Amino acid sequence: IKIDVEGAEISVLRSGLAALHRDRPAIIMEFSCEMVHRVSGIEPQTALVWIEGLGYEIAVINKETYEPVATTAEMLIDHWGSSTRIEDLLLTPR
């Protein structure tokens with residue numbers, strides 16, 4: 001599944017919880033701390049921890065090699081940098 005809805009990604013995931021639990025798809029989604037907070041009213045780390053709680057591992061897709069780089073919600077937020085940074089994340093079921 002590919003999700004790019006300008007900060008409403010968590011809302012999309014929430015609306016599809018039954019499918020996520022049933023089918024366990026891999027997900028590529030855009031993520032921006034600023035947009036998630038502004039559009040969805042969710043703290044970025046809370047959103048990422050929630051994803052991990054669904055049984056998904058998080059990886060950032062390297063923009064040069066397109067390879068996933070494994071991370072955790074805590075590590076990602078701790079090293080995020082600019083609030084306007086946007087990354088594509090790969091979410092894979094454990």
Side-chain angles (χ1 to χ4, degrees):
I1 295 173
K2 169 72 167 124
I3 306 170
D4 182 355
V5 289
E6 306 303 317
E9 288 78 8
I10 302 305
S11 297
V12 169
L13 292 174
R14 283 184 175 158
S15 69
L17 272 179
L20 295 181
H21 290 303
R22 181 185 65 236
D23 301 326
R24 307 298 292 158
I27 301 163
I28 294 176
M29 68 175 231
E30 186 176 81
F31 190 82
S32 160
C33 290
E34 185 276 328
M35 285 193 282
V36 164
H37 188 262
R38 179 174 42 84
V39 174
S40 296
I42 301 168
E43 290 299 322
Q45 185 162 352
T46 300
L48 295 171
V49 167
W50 177 77
I51 290 167
E52 290 176 327
L54 294 175
Y56 277 83
E57 294 179 349
I58 301 170
V60 175
I61 299 174
N62 181 297
K63 292 178 181 170
E64 293 178 15
T65 65
Y66 303 106
E67 293 292 322
V69 178
T71 189
T72 65
E74 183 177 350
M75 286 180 11
L76 191 57
I77 296 300
D78 284 350
H79 298 96
W80 192 260
S82 171
S83 66
T84 59
R85 176 180 168 193
I86 299 172
E87 295 289 349
D88 284 325
L89 303 182
L90 172 63
L91 312 177
T92 53
R94 281 190 216 106

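In this text, all values refer to a predicted model and were calculated from it rather than measured experimentally. Residues: numbered from 1 along the sequence shown. Atoms considered below: every heavy atom in the structure, side chains included; atoms not considered: hydrogens, waters and symmetry mates.
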A.B. asks: Cluster question for you: counting only ILVMFWY and a side-chain heavy-atom cut-off of under 4.5 Å, with indirect links fine, are Leu20 and Ile28 together?
C.D. replies: no

A.B. asks: Side chains of Ile27 and Lys2: closer than 4.5 Å at any heavy-atom pair?
C.D. replies: no

A.B. asks: Applying the 4.5 Å side-chain criterion to the ILVMFWY set and letting contacts propagate, would Ile10 and Leu17 be lumped into a single cluster?
C.D. replies: yes

A.B. asks: Identify the heavy atoms of Ser11 and Ser40 that sit nearest to each other, and give their distance.
C.D. replies: OG-OG, 3.9 Å

A.B. asks: Does Met35 share a hydrophobic cluster with Met29, counting links as ILVMFWY side-chain heavy atoms below 4.5 Å and allowing steps through other members?
C.D. replies: no

A.B. asks: Which donor-acceptor pairs under 3.5 Å do side chains of residues 44-60 form with protein atoms, sequence neighbours excluded?
C.D. replies:
unit_1: Glu52; atom_1: OE2; unit_2: Ala73; atom_2: N; d: 2.9
unit_1: Tyr56; atom_1: OH; unit_2: Pro25; atom_2: O; d: 2.8

A.B. asks: Just wondering, more than 12 heavy atoms not from Glu74 lying within 6.0 Å of its CD?
C.D. replies: no

A.B. asks: Where the side chain of Thr65 meets the backbone of Glu67, is there a donor-acceptor pair that is under 3.5 Å apart?
C.D. replies: yes

A.B. asks: Name the atoms and distances for all side-chain donor-acceptor pairs under 3.5 Å in residues 85-92, with sequence neighbours left out.
C.D. replies:
unit_1: Arg85; atom_1: NE; unit_2: Glu87; atom_2: OE2; d: 2.9
unit_1: Arg85; atom_1: NH1; unit_2: His79; atom_2: O; d: 3.2
unit_1: Arg85; atom_1: NH1; unit_2: Trp80; atom_2: O; d: 2.8
unit_1: Arg85; atom_1: NH2; unit_2: Glu87; atom_2: OE2; d: 3.3

A.B. asks: For Ser32 versus Ser83, what's the shortest heavy-atom pair and its separation?
C.D. replies: OG-O, 4.1 Å

A.B. asks: What pair of heavy atoms forms the shortest contact from Arg38 to Glu34, and how long is it?
C.D. replies: NE-OE2, 2.5 Å

A.B. asks: Of all the heavy-atom pairs spanning Val5 and Glu9, show the shortest one and how long it is.
C.D. replies: N-OE2, 2.9 Å

A.B. asks: Does Ile3 belong to the same Ile/Leu/Val/Met/Phe/Trp/Tyr cluster as Ile42, with side-chain heavy atoms less than 4.5 Å apart forming each link?
C.D. replies: yes

